[in-house]
J.: 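Attaching a single structure in structure tokens format; questions to follow.
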Number of protein chains: 2
Amino acid sequence: MRYSKQREIIYNAVMNNLVHPTADTVYAMLKAENPELSLGTVYRNLNLLAQNGDIIKIEVLGAADRYDAKSMPHFHMICTECNEVFDIPYTVVPENLAQSALDATGHSITEYDIAFKGICKNCKKKGE
Amino acid sequence: MRYSKQREIIYNAVMNNLVHPTADTVYAMLKAENPELSLGTVYRNLNLLAQNGDIIKIEVLGAADRYDAKSMPHFHMICTECNEVFDIPYTVVPENLAQSALDATGHSITEYDIAFKGICKNCKKKGE
DNA sequence: CTCATAATAGTAATGATTACTATTTATAAT
DNA sequence: ATTATAAATAGTAATCATTACTATTATGAG
């Protein structure tokens with residue numbers, strides 16, 4: 001893979017971002033400083049970086065995909081009030097889940113993802 | 001909600017279908033016998049029926065939503081070989097998952113869905 | 001420095017789904 | 001039964017996230 005300035009700034013944008021940005025968010029963040037940047041380039045590089053394992057891609061039901069700095073594997077929860085995405089540690093799910101499913105159905109599970117929905121800590125506090 | 005012939009045949013199509021059809025599949029199934037049927041009508045009624053609790057809507061990451069006859073709550077697994085969707089019983093997941101997540105993060109989980117991927121029983125047999 | 005080709009910008013296309021609007025139709029009231 | 005009203009439809013256009021396409025630019029090996 002050849003170096004490109006665009007890929008570098010896209011990678012940095014994801015790494016330095018606290019929230020879990022969508023492709024469009026990354027594009028908007030960078031467009032001001034890089035007016036010639038193309039949305040297609042953002043998509044292509046985010047997917048390349050995710051394939052490479054440099055960042056991770058979070059697929060969200062019925063909404064735009066989000067990208068995240070690479071870290072421990074974890075699940076995600078989307079807050080139904082503020083629409084922010086939060087991390088849920090891997091450890092909340094028992095390790096034998098795939099095995100349980102195999103035992104129950106005969107189908108071999110190679111991967112699974114859990115999409116949590118709820119009210120985040122912050123919104124709960126506000127609501128009181 | 002007022003009666004409509006279209007809603008009736010759409011409902012029956014889902015109930016009598018063994019697989020988990022997409023809106024487009026339902027449309028294709030019915031179009032031959034009902035040439036004036038509109039795809040928008042299929043979508044609207046599938047969603048109405050799902051809201052009503054008469055059928056269930058299965059949201060699939062990166063693919064068209066699927067609909068299913070109402071039954072015990074359960075999760076779904078999509079086979080990466082044949083793309084068919086199979087049921088995974090609710091019981092493979094421990095009941096306290098939402099509570100574990102709350103304990104670990106402070107966020108209140110109101111619902112969650114698990115998307116399983118793997119190789120189904122049938123494809124596994126074929127592969128041998 | 002030169003050249004092959006990877007990566008880009010900009011735009012068009014895609015696919016699932018929803019929105020819109022004129023027309024049709026179910027059903028409650030006359 | 002007739003009519004009136006509002007819900008439902010057909011058909012089409014619009015939306016939104018994403019990918020595909022193509023001419024141009026730029027990386028980096030030789």
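Residue numbers begin at 1 in each chain, while the letters A, B, ... track the order of the sequences.
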J.: Using every non-hydrogen atom in the two residues, find where Lys57(B) and Ala50(B) come nearest and quote the distance to one decimal.
T.: CB-CB, 4.1 Å
J.: Under 4.5 Å between side-chain heavy atoms, chaining through other members, with only Ile, Leu, Val, Met, Phe, Trp and Tyr counted: pull out the rest of the cluster around Ile114(A), sorted by chain and number.
T.: Phe75(A), Met77(A), Phe86(A), Ile88(A), Tyr90(A), Val92(A), Val93(A), Leu97(A), Ile109(A), Tyr112(A), Phe116(A), Phe75(B), Met77(B), Phe86(B), Ile88(B), Tyr90(B), Val92(B), Val93(B), Leu97(B), Ile109(B), Tyr112(B), Ile114(B), Phe116(B)
J.: Which ones in residues 7-16 of chain A lie close to DNA chain C, meaning a heavy atom under 4.0 Å from one of its atoms?
T.: Arg7(A)
J.: Report yes or no: do Asn34(B) and Tyr27(B) form a side-chain donor-acceptor pair below 3.5 Å?
T.: no
J.: So for atom NZ, which belongs to Lys117(A), do other residues, nucleotides or ligands contribute more than 12 heavy atoms lying within a distance under 6.0 Å?
T.: no
J.: Is there a path of hydrophobic side-chain contacts, each under 4.5 Å between heavy atoms of I, L, V, M, F, W or Y residues, that connects Leu39(B) with Leu49(B)?
T.: yes
J.: Are OP1 or OP2 of dT18(D) and a side-chain N or O of Tyr43(A) less than 4.0 angstrom apart?
T.: yes
J.: Tell me which residues in residues 53-67 of chain B put a heavy atom below 4.0 Å from DNA chain D, sorted by number, or none.
T.: none
J.: Any link between Tyr11(A) and Tyr43(A) through a network of hydrophobic side chains (Ile, Leu, Val, Met, Phe, Trp, Tyr) touching at under 4.5 Å?
T.: yes
J.: For residues 13-20 of chain A, please give each side-chain donor-acceptor pair under 3.5 Å, one per line with the distance, not counting sequence neighbours.
T.:
unit_1: Asn16(A); atom_1: ND2; unit_2: Asn12(A); atom_2: O; d: 3.1
unit_1: Asn17(A); atom_1: OD1; unit_2: Val19(A); atom_2: N; d: 3.2
unit_1: His20(A); atom_1: ND1; unit_2: Val85(A); atom_2: O; d: 3.1
unit_1: His20(A); atom_1: NE2; unit_2: Asp68(A); atom_2: OD2; d: 3.4
unit_1: His20(A); atom_1: NE2; unit_2: Asp87(A); atom_2: OD1; d: 2.9

J.: Please give me the minimum heavy-atom distance between Glu36(A) and Lys31(A), naming the atom from each residue.
T.: C-NZ, 4.3 Å
J.: Does one hydrophobic cluster hold both Tyr67(A) and Ile9(A), with members joined at side-chain heavy-atom distances below 4.5 Å?
T.: yes
J.: Find the distance Gln6(B):CD to dA26(C):C1' and express it as a whole number of Å.
T.: 11 Å
J.: Kindly work out whether a path of hydrophobic side-chain contacts (I/L/V/M/F/W/Y, heavy atoms less than 4.5 Å apart) joins Ile58(A) to Ile55(A).
T.: no
J.: Using every non-hydrogen atom in the two residues, find where Gly106(B) and Lys121(A) come nearest and quote the distance to one decimal.
T.: O-CG, 3.7 Å
J.: Report whether Leu46(B) and Ile56(B) are members of the same hydrophobic cluster (ILVMFWY, side-chain heavy atoms less than 4.5 Å apart, transitive linking).
T.: no
J.: Which atoms of nucleotides 26-30 of chain D (N or O only) lie under 3.5 Å from a protein N or O atom, and what are those distances?
T.:
unit_1: dT27(D); atom_1: O2; unit_2: Arg2(A); atom_2: NE; d: 3.4
unit_1: dT27(D); atom_1: O2; unit_2: Arg2(A); atom_2: NH1; d: 2.4
unit_1: dT27(D); atom_1: O2; unit_2: Arg2(A); atom_2: NH2; d: 3.2
unit_1: dG28(D); atom_1: OP1; unit_2: Tyr3(A); atom_2: N; d: 3.0

J.: Would you kindly give the CD-to-P distance between Gln51(A) and dA7(C), to the nearest whole Å?
T.: 12 Å
J.: For DNA chain C, determine which residues of residues 23-41 of chain A have any heavy atom closer than 4.0 angstrom to one of its atoms, and list them numerically.
T.: Glu36(A), Leu37(A), Ser38(A), Thr41(A)
J.: Rounded off to whole Å, could you give me the CG-to-C1' distance for the Asn47(A) and dA20(D) pair?
T.: 13 Å
J.: Measure from the side-chain N and O atoms of Thr80(B) to the backbone N and O of Gly118(B), and report whether any donor-acceptor pair falls under 3.5 Å.
T.: yes
J.: Whole angstrom is fine here: how far is it from CG in Asn45(A) over to C1' in dA6(C)?
T.: 12 Å
